[in-house]
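Heads up: numbering here begins at 1 and tracks the sequence.
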Amino acid sequence: MNEERRQIIVKEIEHWSRSKLLPDQYCDFLLNLYADQEQREQDGKKAGARRESSYAVAKALMAAQRASGKYWLLTFGFFTLISFVVLYFNAFHPLLQIGVSLLGVSGLMWAGSRIRRRSEAGGLALSGAAMLLLLGSGLYMLELHELAEWGWKTALLAFCAIFWIIYGITAKIQTFHFCGWIAAVLVYAWLLSSFLGTPSWYEPQLYWLPIAGIFGWASWFIHRLSKPVSAVLFAMCAVLWFMPELYAMLFIDEPILLQIQLLLKIAIGGGLLFALRKQWIVWVA
């Protein structure tokens, strides 16, 4: 029943009760009938959810009961293999460690792509776990083999960035695509900090603003082919627009000048977005 109509009926019954147009027991019965309808509907939904949950559990138990000895053996063998790999990973040859890590990443990506057809959140969770496993296992193996120099970590992050970008575009997952570019930006910042000394106040602008312009141009160029890719590139253009201030915050100890630059960048960026709103909205929408 419509909620507004139900409220009108309840008020009318209360009026009958106050005016003694109906006996109190009849009014109480009618009030219980209409006033508790919403609560009954909620209870019905909860009961339905419990039935679905019970059905899922019963289905899983039936599947386990009907499973043959071969499936039980494969299941326990699989978990035993995982336990063995985790316990003795450090004793493996480096090539075997790399192979095991890539096998785990590939398995999670495959499972994520399969589950994503039924559940978007579940598929993205498994795919995200694969990306984190790729980065985490790489960093762990670098520490394990005492390859702690910045060059090795930069190369690993660059590889992950390229992989995330390619996978994000091919799988049409904008989050991974964006994270890949963020990782690439971190690699670029790391290289700048390693090869260049303390920069002057204007040098970070020269390091970052041309790249922001390239991303803005790429967003315009790509929008006819892929709006999601264009949206990610436009978002990266916005991030790179403020990267000089973020970079200078780490290396230049001039807070007043930094604040002035940031306010000017916000004003200029806002003006550009307003002036070009008819163009860039088409790129990303």
Any side-chain heavy atom of Glu143 within less than 4.5 Å of one from Lys153?
yes
With a sphere of 6.0 Å drawn around CZ of Phe221, does it hold more than 12 non-hydrogen atoms of other residues, nucleotides or ligands?
no
Rounded to the nearest 0.5 Å, what separates atom CD1 in Ile173 from atom OG in Ser113?
9.0 Å
Any chance the rings of Trp208 and Tyr188 have centres within less than 6.0 Å?
yes
How long is the straight-line distance from SG of Cys160 back to CG of Leu186, given to the nearest 0.5 Å?
12.0 Å
Do Gln97 and Leu144 pass the side-chain contact (heavy atoms from CB on, under 4.5 Å) test, and can you show the C-alpha distance, the side-chain angles, and the key distance before you say yes or no?
CA-CA 11 Å; Gln97 292 175 346; Leu144 181 64; 3.5 Å; yes
Nearest 0.5 Å please: distance from the CG atom of Leu126 over to the CE atom of Met109.
11.5 Å
Angle class for the His177/Trp181 ring planes (parallel below 30°, perpendicular above 60°, tilted otherwise)?
tilted
What is the minimum heavy-atom distance between Ser127 and Gly112, and which atoms define it?
OG-CA, 3.9 Å
Close side-chain approach of Pro94 to Met141, heavy-atom, < 4.5 Å:
no
For Lys172, enumerate each residue passing the salt bridge (charged side-chain N to carboxylate O under 4.0 Å, His left out) test, keeping only those at least two apart in sequence or located in another chain.
none
Say you draw a straight line from CZ of Phe176 to CD1 of Ile165; how long is it, rounded to the nearest 0.5 Å?
13.5 Å
Neighbour count >12 (heavy atoms, 6.0 Å) for atom CH2, Trp190:
yes
Correct closest heavy-atom pair for Cys237 and Ala212 would be SG-O, 3.2 Å
State the CE-CZ distance between Met236 and Phe215, to the nearest 0.5 angstrom.
5.0 Å
Classify the ring geometry of Phe159 against Phe163: parallel below 30°, tilted from 30° to 60°, perpendicular beyond 60°.
parallel
Identify whether Met131 and Ile166 are in the same connected component of the hydrophobic contact network (ILVMFWY, side-chain heavy atoms under 4.5 Å).
no
Please report the shortest heavy-atom distance between Leu108 and Ala130, naming the atom on each side.
CB-CB, 3.6 Å
Counting N and O atoms only, with roles assigned by atom type, does the side chain of His223 sit under 3.5 Å from a partner on the main chain of Trp220, one being a donor and the other an acceptor?
yes
Please find the pair of heavy atoms, one from Gln205 and one from Pro210, that lie closest to each other, and give the distance.
O-CD, 3.6 Å
Kindly work out whether a path of hydrophobic side-chain contacts (I/L/V/M/F/W/Y, heavy atoms less than 4.5 Å apart) joins Tyr140 to Leu135.
yes
Donor-acceptor pair, Trp241 side chain versus Lys265 backbone, under 3.5 Å?
yes
Just by modelled atom types, is the Ser219 backbone N or O under 3.5 Å from a matching donor or acceptor in the Ser230 side chain?
yes
Is it the case that the side chain of Ser119 and the backbone of Ile115 share a donor-acceptor pair, with hydrogens and angles ignored and the cut-off at 3.5 Å?
no
In one Ile/Leu/Val/Met/Phe/Trp/Tyr side-chain cluster, 4.5 Å: Leu139, Leu132
no
Does a sphere of radius 6.0 Å around CD in Glu146 hold more than 12 heavy atoms from other residues, nucleotides or ligands, not counting ones at 6.0 Å or beyond?
no
For Leu147, does its backbone N or O pair with a side-chain atom of His145 as donor and acceptor, under 3.5 Å?
no
CG on Leu156 to CG on Leu134, rounded to 0.5 Å
7.0 Å
Quick check: closest heavy atoms across Ala184 and Ala161, and the distance to 0.1 Å?
N-CB, 3.7 Å
Flag yes if Val239 and Trp217 sit in one hydrophobic cluster, no otherwise; membership is Ile, Leu, Val, Met, Phe, Trp, Tyr, and two members link when side-chain heavy atoms are under 4.5 Å apart.
yes
Is it true that Ile214 and Ile222 fall in one hydrophobic cluster, defined by side-chain heavy atoms closer than 4.5 Å?
no
Answer yes if the ring centres of Phe178 and Trp164 are under 6.0 angstrom apart, and no otherwise.
no
